[in-house]
Amino acid sequence: MTRDVFVLVESNTTGTGRLFPAAARALGLHPVLLAADPSRYASVGGAEVVRTDTDDVRAVVDACRGLAVGRRVAGVATSSDYYVETAAAAATALGLPANSPADLAAVRDKGTQRARLAAAGVRVPRFTVAGSVEEVLAAAAETGYPVVVKPVTGSGSLGVLLCADPEQTAEHARALLSRGADERGRPVPRRVTVEEFVSGAEYSAEVLDGTVAGITAKHLGAPPLFVETGHDFPAALAPAVRKAVTETAEAAVRALGIVLGPAHVELRLGPEGPVLIEVNPRLAGGWIPGWCGRRPAPT
């Protein structure tokens, strides 16, 4: 086989993660999935699967170089939150385009991300990073109930809870701080953020190369969880609100250094305008990217 290779470092197991190999083939590339445990993927869209220690950047680089014998690795990417730094570090080592792994590490840590955004003048909820139940309770009392307590790393709203009182806050914080690993079995920091709850409709801006490509309206399940139950794309927004959401999202990715590729930017429309909830340096989950690619957002 002589086709250039597109390498995925692990993958989502649902939604558009399965479409990456098909998109690579449509571009004339041969898709290869590097996976520590190939058995976790029932379907990888027809990609070649190569067992690799995906927690080790050097092992990923070596695997890519092995694939490049007699052909070229055209790109290294991932559809999984957990491997964006690894994929970027491998791409950088191979001389391929990528965002800075250090910037991606900062974005993946919600406390560091919040601090960078606030320093750049992007409106975010009041927040505190805490490493003990006592620190969490002190931060919640200062912020005022209800508060949102979430792990500093994670994906898909896992571990995010709206806490109404000290008892609920302590119980949830204790559970989060006792976790040693995420659902992929990777070590997690024993820190959480305690955040002001911002009421209002929630949206996500789908950003590509620093520019908003579309805005999605979110449907959320009942509190105290933040499970997304549906989406409307494109979101029906007044022009002034669309402009404000777009400007906030683009300012956020600039401040975080996510200038190449996709970003999924979550915001709420608070009483004084958009408040940045979170930036994820990847495509949106589910089928949002498919809608965004097929249907132009209104101007």
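Excluded from the calculations below are hydrogen atoms, water molecules and symmetry mates; all remaining heavy atoms, backbone and side chain alike, are included. Starting from 1, each residue takes its place in the sequence as its number. If you're wondering where the values come from, they're calculated on a predicted model, not measured in any experiment.
- Under the 4.5 Å side-chain criterion, counting only non-hydrogen atoms from C-beta, Val148 is not in contact with Pro125.
- Residue Tyr203 holds its OH atom at 9.5 Å from CZ of Arg242, rounded to the nearest 0.5 Å.
- Val265 and Leu269 fall within a single hydrophobic cluster, where Ile, Leu, Val, Met, Phe, Trp and Tyr side chains are chained together by heavy-atom contacts under 4.5 Å.
- A search for side-chain hydrogen bond (donor to acceptor under 3.5 Å, both in side chains) contacts involving Ser39 returns Asp37, not counting sequence neighbours.
- Taking OG1 from Thr86 and CG from Leu34, the interatomic distance works out to 11.0 Å, rounded to the nearest 0.5 Å.
- Looking at Phe20 and Ser11, their side chains never come closer than 4.5 Å, going by heavy atoms from C-beta outward.
- A salt bridge between Arg116 and Asp109 is absent, with no side-chain N of the basic residue lying under 4.0 Å from a carboxylate O of the acidic one.
- Using a 4.5 Å heavy-atom cutoff, the side chains of Leu267 and Val275 are not in contact.
- Taking Ile, Leu, Val, Met, Phe, Trp and Tyr as members and joining any whose side-chain heavy atoms lie under 4.5 Å apart, directly or through other members, Val84 forms no hydrophobic cluster with any other residue.
- Distance check: Leu27 CG to Phe6 CZ gives 9.0 Å after rounding to the nearest 0.5 Å.
- With hydrogens and angles left out, the side-chain atoms of Ser80 and Glu10 include no donor and acceptor closer than 3.5 Å.
- The closest donor-acceptor contact from the side chain of Arg65 to the backbone of Leu94 lies at 3.5 Å or more, if one exists at all.
- Val124 and Val279 fall within a single hydrophobic cluster, where Ile, Leu, Val, Met, Phe, Trp and Tyr side chains are chained together by heavy-atom contacts under 4.5 Å.
- In this model, a donor atom of one side chain and an acceptor atom of the other lie less than 3.5 Å apart for His264 and Glu206.
- Atom CG of Leu104 is separated from atom CD1 of Ile258 by 4.5 Å, given to the nearest 0.5 angstrom.
- Tyr83 carries Arg186 over the face of its six-membered ring, with the cationic atom under 6.0 Å from the centre and within 45° of the normal.
- Taken from NE2 in His30 to CG in Asp4, the straight-line distance is 11.5 Å, to the nearest 0.5 Å.
- Electrostatic pairing of Arg126 and Glu196 does not count as a salt bridge here, judged by no charged N lying under 4.0 Å from a carboxylate O.
- Salt bridge Glu195/Lys110: absent, no basic N to carboxylate O contact under 4.0 Å.
- Put simply, the side chain of His231 does not reach to within 4.5 Å of the side chain of Ser204, judged on heavy atoms.
- By the 4.5 Å heavy-atom criterion applied to side chains, Thr248 and Val122 are counted as neighbours.
- To the nearest 0.5 Å, the span separating CD on Glu202 from CG on Leu220 amounts to 5.0 Å.
- Taking 4.5 Å as the limit, every side-chain heavy atom of Thr153 sits out of range of all side-chain heavy atoms of Asp182.
- Looking only at side-chain heavy atoms (C-beta outward), Leu8 and Pro21 come within less than 4.5 Å of each other.
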